Enquirer: 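So that we are looking at the same thing, I have put the structure below in structure tokens.
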Amino acid sequence: MGRVYLTGAGPGDIELLTVKALRVIQKADVIIYDRLANREILDEAKSGCEFIYVGKEDSHHTLPQEKINEILYKSALDNNIVVRLKGGDPFVFGRGGEEGIYLRERGIEFEFIPGITSAIAVPEYAGIPVTHRGVSVSFRVVTGHESRDKSKSQIAWENFRSDDTIVFLMGFHRLEFISKKLISLGKPKSYPIAVISRGTTKDEKVVVGTLENIYEKAKDLPTPALIVVGRVVLLREKLKWFK
Ligand code: SAH
């Protein structure tokens, strides 16, 4: 029986892959990857390595998780080194925990290899620090992709009133809702917000605006995209560096 490496691929820029991830990719017998993992990474695999793609073009319509779990399990029965490659970090909205539990229940050994998460690195490439002395003392990473039925929302919206940074992943499709919601909670209409599309790659696009105008300014950006809310967004003026 093989071992499964639940591996973070980093946010896009291939150089943000960890040394540990690269080493295991070079040894892998099979690599199971999804849409957000940079495909160039696959060029690092040895010849004869099998590749299994488990994402569709729209990140919200990946293969059912149960199916992916099954592929991981079966691959581990037939191979020595199985790499499950995920965008960013496996534990940040990556379902790495679910895959680990599934494998443990079936007696398959696994390791986690952390990755650089888009939640921090994508703003960083855009010159937006998630914390900054005197501006923001904490940051939160929140999913924007959850039930539209408000009674079922698990997001603690009422806690979003301070100047702490909020990073929304999977929230781009709800940009209008999110910005209106934050205004309704008492944030000024002029409050800073940025949308960053395809961060850390040569296709990066950054749009900075206010809660009031961001939807109109950013709605046509390509995905993947994340949203950063907070006064730290204004630091981009001084910290912009990536071209
Ligand atoms: N595990 C991943 C996040 C998975 S959720 C991580 O740690 O980065 C997927 C969401 O991440 C996307 O909907 C988008 O909001 C964000 N994302 C991932 N890569 C991105 C990129 N290069 N640029 C902008 N947003 C990105």
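All figures in this text were calculated on a predicted structure; none of them were measured in a lab. Atoms within each ligand, like the ligands themselves, are counted from 1 in listed order.
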Enquirer: Does Pro224 approach ligand 1 within less than 4.0 angstrom via side chain, backbone, both or neither, non-hydrogen atoms only?
Expert: both
Enquirer: Is the side chain of Ser190 donor-acceptor paired with the backbone N or O of Pro188 at a distance under 3.5 Å, no angle test?
Expert: no
Enquirer: Checking salt bridge (charged side-chain N to carboxylate O under 4.0 Å, His left out) for the pair Asp34/Arg84: CA distance, chi angles, key distance, verdict?
Expert: CA-CA 9 Å; Asp34 46 41; Arg84 167 68 172 120; 3.1 Å; yes
Enquirer: N/O to N/O below 3.5 Å, does that happen between Val92 and ligand 1?
Expert: yes
Enquirer: Hey, is Thr200 one of the residues with a heavy atom under 4.0 angstrom from ligand 1?
Expert: no
Enquirer: What's the shortest heavy-atom distance between Phe172 and Lys219, and which atoms?
Expert: CZ-O, 3.6 Å
Enquirer: Can you find an N/O atom of Gly12 closer than 3.5 Å to an N/O atom of ligand 1?
Expert: no
Enquirer: For ligand 1, indicate whether the residue Thr201 contacts it via side chain, backbone, both or neither (heavy-atom separation under 4.0 Å).
Expert: neither
Enquirer: Record the part of Val122 in heavy-atom contact with ligand 1 below 4.0 Å; permitted values are side chain, backbone, both and neither.
Expert: side chain
Enquirer: Say whether Ser118, considering both its backbone and side-chain N or O atoms, lies within less than 3.5 Å of an N or O atom on ligand 1.
Expert: yes
Enquirer: For Leu226, counting its heavy atoms only, list the atoms of ligand 1 lying under 4.0 Å from any of them.
Expert: 15 (O), 24 (C), 25 (N)
Enquirer: Measure from the side-chain N and O atoms of Arg236 to the backbone N and O of Ala126, and report whether any donor-acceptor pair falls under 3.5 Å.
Expert: yes
Enquirer: Do any N/O atoms on Leu169 end up under 3.5 angstrom from N/O atoms on ligand 1?
Expert: no
Enquirer: Is the side chain of Thr117 donor-acceptor paired with the backbone N or O of Gly88 at a distance under 3.5 Å, no angle test?
Expert: no
Enquirer: With heavy atoms of Thr117 as the reference, note each atom of ligand 1 found under 4.0 Å away.
Expert: 6 (C), 7 (O), 8 (O)
Enquirer: If you measure from each non-hydrogen atom of Ala225 to ligand 1, which part falls under 4.0 Å: side chain, backbone, both or neither?
Expert: backbone
Enquirer: Can you confirm, on distance only, whether ligand 1 has an N/O atom lying under 3.5 Å from any N/O atom belonging to Gly87?
Expert: yes
Enquirer: Looking only at heavy atoms, what is the nearest atom pair of Ile128 and Ala194, with distance?
Expert: CD1-CB, 3.9 Å
Enquirer: Can you tell me how far CD of Glu124 sits from CG of Leu239, rounded to the nearest 0.5 angstrom?
Expert: 10.0 Å
Enquirer: Which one holds for Arg198 and ligand 1: side chain close, backbone close, both close, or neither close, with close meaning a heavy atom under 4.0 Å?
Expert: backbone
Enquirer: Within the 3.5 Å criterion, strictly below it, is a donor on Ser136 or Asp163 matched to an acceptor on the partner's side chain?
Expert: no
Enquirer: Does the Ser197 side chain pair with the main chain of Lys205, one donor and one acceptor, at a distance under 3.5 Å?
Expert: no
Enquirer: Any N or O of Ile196 that comes nearer than 3.5 Å to an N or O of ligand 1?
Expert: no
